[in-house]
Amino acid sequence: MVRFAPSPTGYLHVGGARTALFNFLFARHHGGIFILRIEDTDQKRFQAEALQEIFASLKWLGLNWDEGPEAGGERGPYFQSQRTALYRRHAEQLLAAGKAYRCFCSEERLARMREEQEKAKMAHGSGYDRHCRLRPEAEVKALLAANAAHVVRLKVPDNRVVVFNDLIRGEISYDSSQLDDLVLLKSDGFPTYHLANVVDDHLMQITHVLRGDEWIVSTPKHILIYEAFGWPPPHFAHMPVILAADGGKLSKRRGAASVLDYQRSGFQPEALLNFLVLLGWAPGGDREIMTLDEMTAAFSLQRVSAKAAVFDETKLEWMNGHYLQQRSQESLLPEVMACWEKLLPPPPAVLADQAYAKKVIGLFKERSKKIIEIAENSGYFFRDPAAYDPQAARKYFKSETISILELLAEKLAALEPFSHEALEGLYRQVAEGLGLPAGKLIHPTRLAVSGVSFGPGLFEMLELLGKETVIRRLQSAGNWIGTAAGKEE
RNA sequence: GGCGCUAUCGUCUAGGGGUUAGGACGGGUGAUUCUCAGUCACUAAACCGGGGUUCGAAUCCCCGUAGCGCUGCCA
């Protein structure tokens, strides 16, 4: 029984996605249940759009949750904001048992305290000074009667060494003197992450907590809360962080970071997933390309690394290219079409020709790593080139090219059928007739027809473009070279 | 400052006492070819430093250093 518990304060980033993935894999591998729980206990930072984005990201990746929002389940509700009564009840329970106390300290006092501690560069121990822990009972009653704002804090025992066995890192121990009396219930009646997390994990029967390693220092606090309740703590495993290429934190600035950004820039979910799983985990041996099922079968926490990993976008792109090659032209059509429509306003009439569009995709798929590249590089299949790449024009458009282009246009007009085999035959024949290498014909033709010096095989390209279009473009290129514009180049 | 986590090619990693330290991405070279991409072949590239333990350490231990995290009525 595991859970992924994001906080809806922003988009789902790739680090979160990997945590979700590892939880998913662990659950599936062991035949367990994967719960999605929303930790929305901070109303100040809550964003409704973030929630939708998290759902969309997870669904896109195929990390479907067994229980949670939309899916339902017996352990709900799955929004912490809908469980506040539960947390309050549990806080009361701790209060009654003398394991927690009410704290009436103002934010100002706490801020001042922190400042002084900072100044004093305290040798060890920091955090709350336990001012209210020692407050006389009568005083507390009076304050309570006066409705004074307060929080509930945990009484952290002195001189305790809290030890836990992290499934990835091994034994980790903390001295309780390092821990301050953490807040369980905020003055607005909402629980803190710590309380809600422990109460929910227990009530939802979570057996394994797999989360990011920024939580590792919070774990002893959580264990103390479990202890205060008299509950057995679950197993913990802390996943390493994912860093940006410069070794810093991943953010919108450094790499896309957001899962949906990767979707938008045309990445395949399989590729992102496969790439992500390799960040911090390897099945052993040389295996890298894996389906979700294969990952599931091979997954084990013992093989998860404790080391932070850099998100190498170049490798992601390579992997995406790999997965892109496996997609059929047919299945790619809607996505590429959407890109074309954006890239080529107003949409040219030829776009409606799906059979044609599919063939274009076929020509570009293998030389692309992302869907968007297919669309970006194939504009000339729908519209005559608006300009010629200047550098290529200097190289391939010479004054003598005009006559070559004219000759080719003439021969092409008579060519039947207009197939790539026939085209190639014709080109070789003409080249031979002129005593020129075929490249002298091919390169100028490519530039004339596409405006650029790279792309699919020329003859396949010409065949698809069709006789009329090719001849028209050959002629206008010839004219262009002849004009002042052409000569200036 | 305190506490914690981490440390193998540029990057992701395998290897966990005896290995020519393996693979992948990226780089370089060559082949194929009408270009680009691809593909294929080849190639350069790493055990953070210092001490221990041991016949033997990349591997185990300690120290140092560096990076990161936490030090909130954020999660």
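Each chain gets a letter, A, B and so on, in the order the sequences are listed, and its residues count up from 1.
- A residue-by-residue look at A:Ala282 and A:Tyr193 shows that A:Ala282 has its nearest nucleotide of RNA chain B further toward the 5' end.
- Proximity note for A:Lys186 (side chain, C-beta onward) versus B:G15, B:C73, B:C70: the nearest is B:C73.
- Residue A:Asn197 contributes atom CG, which lies 18 Å from atom P of B:G72 at whole-angstrom precision.
- What separates CZ of A:Arg109 from C1' of B:G72 is a distance of 15 Å, to the nearest Å.
- A:Val151 comes within 4.0 angstrom of a nucleotide base, judged by non-hydrogen atoms across all strands.
- Atoms CZ (A:Phe236) and P (B:C5) sit 16 Å apart, rounded to a whole Å.
- On the P atoms, B:G38 is 44 Å away from B:C61, given to the nearest whole Å.
- A:Ile289 pairs by the side chain to side chain contact (heavy atoms under 4.5 Å, CB included) definition with A:Asn274, A:Trp318, A:Met319, A:His322, A:Tyr323, not counting sequence neighbours.
- By the side chain to side chain contact (heavy atoms under 4.5 Å, CB included) test, A:His150 pairs with A:Arg102, A:Phe104, A:Leu144, sequence neighbours left out.
- For the side chain to side chain contact (heavy atoms under 4.5 Å, CB included) with A:Leu154, the lone residue among A:Leu195, A:Ile225, A:Asp181, A:Leu179 that qualifies is A:Ile225.
- Distance OH (A:Tyr11) to P (B:A75): 19 Å, rounded to an integer number of Å.
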Worksheet item: Does the pair A:Glu39 and A:Arg37 meet the rule for a salt bridge (charged side-chain N to carboxylate O under 4.0 Å, His left out), with working shown?
Response: CA-CA 6 Å; A:Glu39 311 229 321; A:Arg37 183 175 75 217; 2.8 Å; yes

Pull out every protein N or O sitting under 3.5 Å from an N or O of nucleotides 6-12 of chain B, one pair per line with the distance.
| unit_1 | atom_1 | unit_2 | atom_2 | d |
| --- | --- | --- | --- | --- |
| B:U8 | OP2 | A:Lys307 | NZ | 2.8 |
| B:C12 | OP1 | A:Val310 | N | 2.9 |
| B:C12 | O2' | A:Leu278 | O | 3.0 |

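- Spacing between atom CG of A:Leu184 and atom P of B:G72 amounts to 15 Å, rounded to whole angstrom units.
- If you measure from atom CG of A:Asp175 to atom C1' of B:C70, you get 16 Å, rounded to the nearest angstrom.
- The side-chain hydrogen bond (donor to acceptor under 3.5 Å, both in side chains) check on A:Glu424 picks up A:Arg428, with sequence neighbours excluded.
- The C1' atoms of B:A14 and B:C47 are separated by 13 Å, rounded to the nearest whole Å.
- Relative to the six-membered ring of A:Tyr128, A:Arg130 misses at least one condition, a distance below 6.0 Å or an angle of at most 45° to the axis.
- Look at the P atom in both B:G64 and B:C70: the space between them is 23 Å, to the nearest Å.
- Among the atoms of the strands shown, none is found under 4.0 Å from any heavy atom of A:Cys103.
- As the counterpart of B:G38, B:U32 is assigned, both hydrogen-bonding distances of the Watson-Crick or G-U wobble pattern falling under 3.5 Å.
- As judged by a 4.0 angstrom heavy-atom cut-off over every strand, A:Tyr174 is placed among residues touching the sugar-phosphate backbone only.
- For the C1' atoms, the distance linking B:U53 with B:A24 amounts to 36 Å, nearest Å.
- Residues passing the side-chain hydrogen bond (donor to acceptor under 3.5 Å, both in side chains) test with A:Asn377: none are found, sequence neighbours excluded.
- Counting non-hydrogen atoms under 4.0 angstrom, A:Thr9 reaches nothing in the nucleic acid.
- In the set B:C74, B:C68, B:G22, the nucleotide with an atom closest to the side chain of A:Asp286 is B:G22.
- Comparing A:Val183 and A:Arg18 against RNA chain B, the residue whose closest nucleotide sits nearer the 5' end is A:Arg18.
- Separation of the C1' atoms belonging to B:A58 and B:A41 is 31 Å when rounded to the nearest angstrom.
- Of the candidate nucleotides B:G69, B:A14, B:A75, B:A75 has the atom lying nearest to any side-chain atom of A:Ser218.
- For A:Ala297, there are no side chain to side chain contact (heavy atoms under 4.5 Å, CB included) partners at least two apart in sequence or on another chain.
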Worksheet, complete the sentence: For nucleotides 27-48 of chain B, 5' to 3', base contacts (B), sugar-phosphate-only contacts (S) and non-contacts (-) with protein non-hydrogen atoms under 4.0 Å give -------BBBB-----------

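- Put simply, the side chain of A:Thr192 and the base of B:C73 share no donor and acceptor less than 3.5 Å apart.
- Atom CZ of A:Arg112 and atom P of B:G72 are 16 Å apart (whole Å).
- Using N1 to N3 plus N6-O4 or O6-N4 for Watson-Crick, or N1-O2 and O6-N3 for G-U wobble, each under 3.5 Å, B:A21 pairs with nothing.
- Residues A:Val152 and A:Leu95 form a side-chain contact, since some pair of their non-hydrogen atoms from C-beta on lies under 4.5 Å apart.
- Within 4.0 Å (heavy atoms only), A:Arg287 reaches no atom of the nucleic acid at all.
- To the nearest whole angstrom, the two P atoms, one in B:G27 and one in B:C63, are 42 Å apart.
- Nucleotide B:U71 holds its C1' atom 15 Å from the CD atom of A:Glu214, rounded to whole Å.
- Evaluation of the salt bridge (Lys or Arg N to Asp or Glu O under 4.0 Å) rule for A:Arg327 yields A:Glu335 as partners, not counting sequence neighbours.
- Among residues two or more places apart in sequence or in another chain, the side-chain hydrogen bond (donor to acceptor under 3.5 Å, both in side chains) test is passed with A:Lys467 by A:Glu416.
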